[in-house]
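Notes follow once the structure below has been shown.
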There are 2 protein chains.
Amino acid sequence: MKYYIGVDLGGTSVRVAKVSQTGEVVYVSKSDSFADKGPKIVLNNIIEMIKQIPEYAQCSGIGVGIPGPVDTVKGHITLATNLVDFEFFPVAEYLENALDMKVFMDNDANVAGLAEALVGAGKGKAIVYYITHSTGIGGALVANGRVISGRTGYAGEIANIKVTDTDEKINHLITGAAENEASGTAIADRARKDIDPNIVNAKEVFDLFTEGNELAIDLIDDVAYKFAVMMASIAHVVDPHVFVIGGGVTKSADLYFDKVKRNYETLVHPGMHGVEVVLSELDEPGIVGAAMLPMSYGL
Amino acid sequence: MKYYIGVDLGGTSVRVAKVSQTGEVVYVSKSDSFADKGPKIVLNNIIEMIKQIPEYAQCSGIGVGIPGPVDTVKGHITLATNLVDFEFFPVAEYLENALDMKVFMDNDANVAGLAEALVGAGKGKAIVYYITHSTGIGGALVANGRVISGRTGYAGEIANIKVTDTDEKINHLITGAAENEASGTAIADRARKDIDPNIVNAKEVFDLFTEGNELAIDLIDDVAYKFAVMMASIAHVVDPHVFVIGGGVTKSADLYFDKVKRNYETLVHPGMHGVEVVLSELDEPGIVGAAMLPMSYGL
């Protein structure tokens with residue numbers, strides 16, 4: 001049995017784990033990530049955490065999952081949103097030099113998708129498309145056991161796929177971007193405008209939907225349509241064997257998943273009907289997927 | 001030097017070629033495809049054509065490019081539009097049994113993209129996205145030297161990506177599909193409606209554009225925007241190192257390519273700017289790409 005080291009680095013905390021080739025987490029530790037202290041302090045802390053792992057030197061490689069687009073070839077972040085001074089810092093090289101072990105990096109959605117593809121809900125499928133439907137929307141393409149990250153790490157930035165004509169510029173995303181129409185945050189924002197200014201989150205909108213509130217039903221119908229438009233655009237590019245969908249909004253999956261699937265079938269060729277759309281299975285896809293990165297590259 | 005056999009099967013004609021591993025066509029023959037006579041007559045003709053190739057038995061494999069979505073694993077067509085009775089016929093198996101050689105299949109846009117990725121305008125790039133901008137619109141994703149065809153061969157059916165909100169149902173594609181907004185056929189159709197009912201083809205619209213016709217300028221501006229929306233959706237899924245664009249409409253590339261590129265940059269994250277968008281290079285991507293299929297699978 002081979003073992004790998006996974007690092008799940010976030011803006012507030014970092015977790016380091018030893019994971020078996022079948023996805024079993026046999027050791028995990030957690031710490032403040034010191035994200036505001038700059039890359040050397042952040043990485044030196046991770047190096048010390050890794051050295052605490054029992055028999056860490058016998059592991060076959062290290063994988064690091066990081067928020068934001070990652071240049072997987074050069075091993076750095078191309079756009080750091082909550083890790084100070086991390087843009088273009090040679091993260092992989094720094095860790096390799098300190099630990100004498102091969103290091104791979106990818107963004108957090110991509111490693112979560114890799115975990116679901118290799119040992120989760122997409123196991124055994126050649127082309128897995130993973131979508132996280134949460135406060136934001138993220139995606140990951142795993143083809144034949146390996147993440148496709150793209151030229152500068154922007155593969156999977158499906159939040160920015162245009163799903164409707166509108167001139168309303170909401171944030172850094174383009175007008176009509178999927179995330180601004182159908183994410184958890186968008187559901188709450190749209191509900192505050194259309195239903196009740198006191199609504200706090202998407203959960204409340206799903207509660208109103210369950211109570212039969214017609215405005216909430218219209219809103220969720222529209223969200224399900226636009227989410228399906230995004231999925232159809234993805235499918236016309238990669239025609240996956242399975243869509244694996246995770247993230248906080250899927251806690252209400254029984255209220256909107258069937259709507260998404262019905263809309264999806266109206267938005268693709270008949271020959272594409274019947275694709276599996278399943279919920280994610282893993283509790284810890286981030287840390288498991290990070291550890292799977294070296295394995296996906298043949299280590 | 002290795003050699004491969006490429007078969008470019010169309011609704012009216014079929015071509016068979018011997019192609020070197022570097023993409024040089026050293027022998028080619030052409031015949032009626034007998035597309036209306038059923039798969040056995042079509043394939044027996046191809047088998048005889050292959051047996052005429054000098055030293056055909058020393059070739060390393062056979063690749064077949066076919067119009068319509070192809071199940072590359074099972075080696076059959078899932079939707080035959082102009083090849084009678086070809087749906088689900090075991091094309092690859094039939095040829096393998098007759099010629100005792102490994103046979104791979106993919107659709108014509110995918111093999112053209114493979115040729116451009118391996119020996120054409122995308123040579124040396126890890127992720128190549130090929131688009132044919134012609135009477136229709138087709139696409140192909142080539143990642144690390146291999147075509148991604150998808151679950152049932154629908155990867156690359158980018159003609160059907162939704163690029164605008166409209167209820168107008170024009171044909172079998174979905175409402176607002178890229179092909180119905182921005183293909184060569186769409187340019188002519190839209191110009192007949194908006195400019196002059198006697199317009200025959202896209203070329204005439206580009207001529208009017210060059211003459212300064214304001215309606216033609218508006219139309220080409222809109223086509224360039226919607227083509228860019230389609231490209232942006234693709235890029236948010238796979239973030240290619242290069243877009244290679246071929247097909248008849250690109251004969252007018254100097255009139256609309258810069259518009260497409262400018263629109264594209266407004267529709268993606270700033271970190272995605274600067275992607276190469278280049279014209280296809282090969283004269284015969286269909287036949288060369290078909291021959292490259294066995295090579296892309298390691299033969």
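Labels below follow one simple rule: chain letters A, B, ... track the order of the sequence lines, proteins then strands, and each chain is numbered from 1. If you're wondering where the values come from, they're calculated on a predicted model, not measured in any experiment.
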- Message: Which atoms of A:I234 are under 4.5 Å from chain B, going by heavy atoms: the side chain, the backbone, both sets, or neither?
- Response: both
- Task: Please state whether the side chain, the backbone, both or neither of A:V268 comes within less than 4.5 Å of a heavy atom of chain B.
- Result: backbone
- Name the region of A:V242, side chain, backbone, both or neither, that has any atom closer than 4.5 Å to a heavy atom of chain B. neither
- Message: Within a 6.0 Å radius of atom NZ on B:K169, are there more than 12 heavy atoms belonging to other residues, nucleotides or ligands?
- Response: yes
- May I ask you to check whether over 12 heavy atoms, not counting those of B:K261, lie within 6.0 Å of atom NZ? yes
- Message: Ignoring hydrogens, what is the shortest heavy-atom contact between B:H273 and A:R151? Give both atom names and the distance.
- Response: O-NH2, 3.0 Å
- Item | Heavy-atom pairs under 4.5 Å with chain B, option from A:L141, A:V237, A:I148 with the top count | A:V237
- Item | Interchain contact, A:S149 with chain B, by part (heavy-atom threshold 4.5 Å) | backbone
- Note on the structure: Max heavy-atom pairs within cutoff under 4.5 Å with chain B, candidates A:I174, A:N160, A:I127, goes to A:N160
- Query: Quick one: what part of A:V238 sits under 4.5 Å from any heavy atom of chain B, side chain, backbone, both or neither?
  - Reply: both
- Query: Under a 4.5 Å heavy-atom cut-off, does chain B meet the side chain of A:A159, its backbone, both or neither?
  - Reply: neither
- Item | Side chain, backbone, both or neither of B:S233 within contact of chain A (heavy atoms, under 4.5 Å) | both
- Option that, when pairs with chain B are counted at under 4.5 Å, heavy atom only, ranks first among A:G156, A:G271, A:A235: A:G271
- Interatomic distance, A:K162 atom NZ to B:H236 atom NE2 [nearest 0.5 angstrom]: 11.5 Å
- Query: Does NZ belonging to A:K123 count more than 12 external heavy atoms closer than 6.0 Å?
  - Reply: no
- Query: Is the number of heavy atoms from other residues, nucleotides or ligands within 6.0 Å of NZ (A:K125) greater than 12?
  - Reply: yes
- Query: Hey, are the side chains of A:H269 and B:H172 touching, using non-hydrogen atoms and a 4.5 Å cut-off?
  - Reply: yes
- Item | Part of A:T164 within contact of chain B (heavy atom distance under 4.5 Å) | both
- Task: Can you tell which part of A:A143 gets under 4.5 Å to a heavy atom of chain B, answering side chain, backbone, both or neither?
- Result: side chain
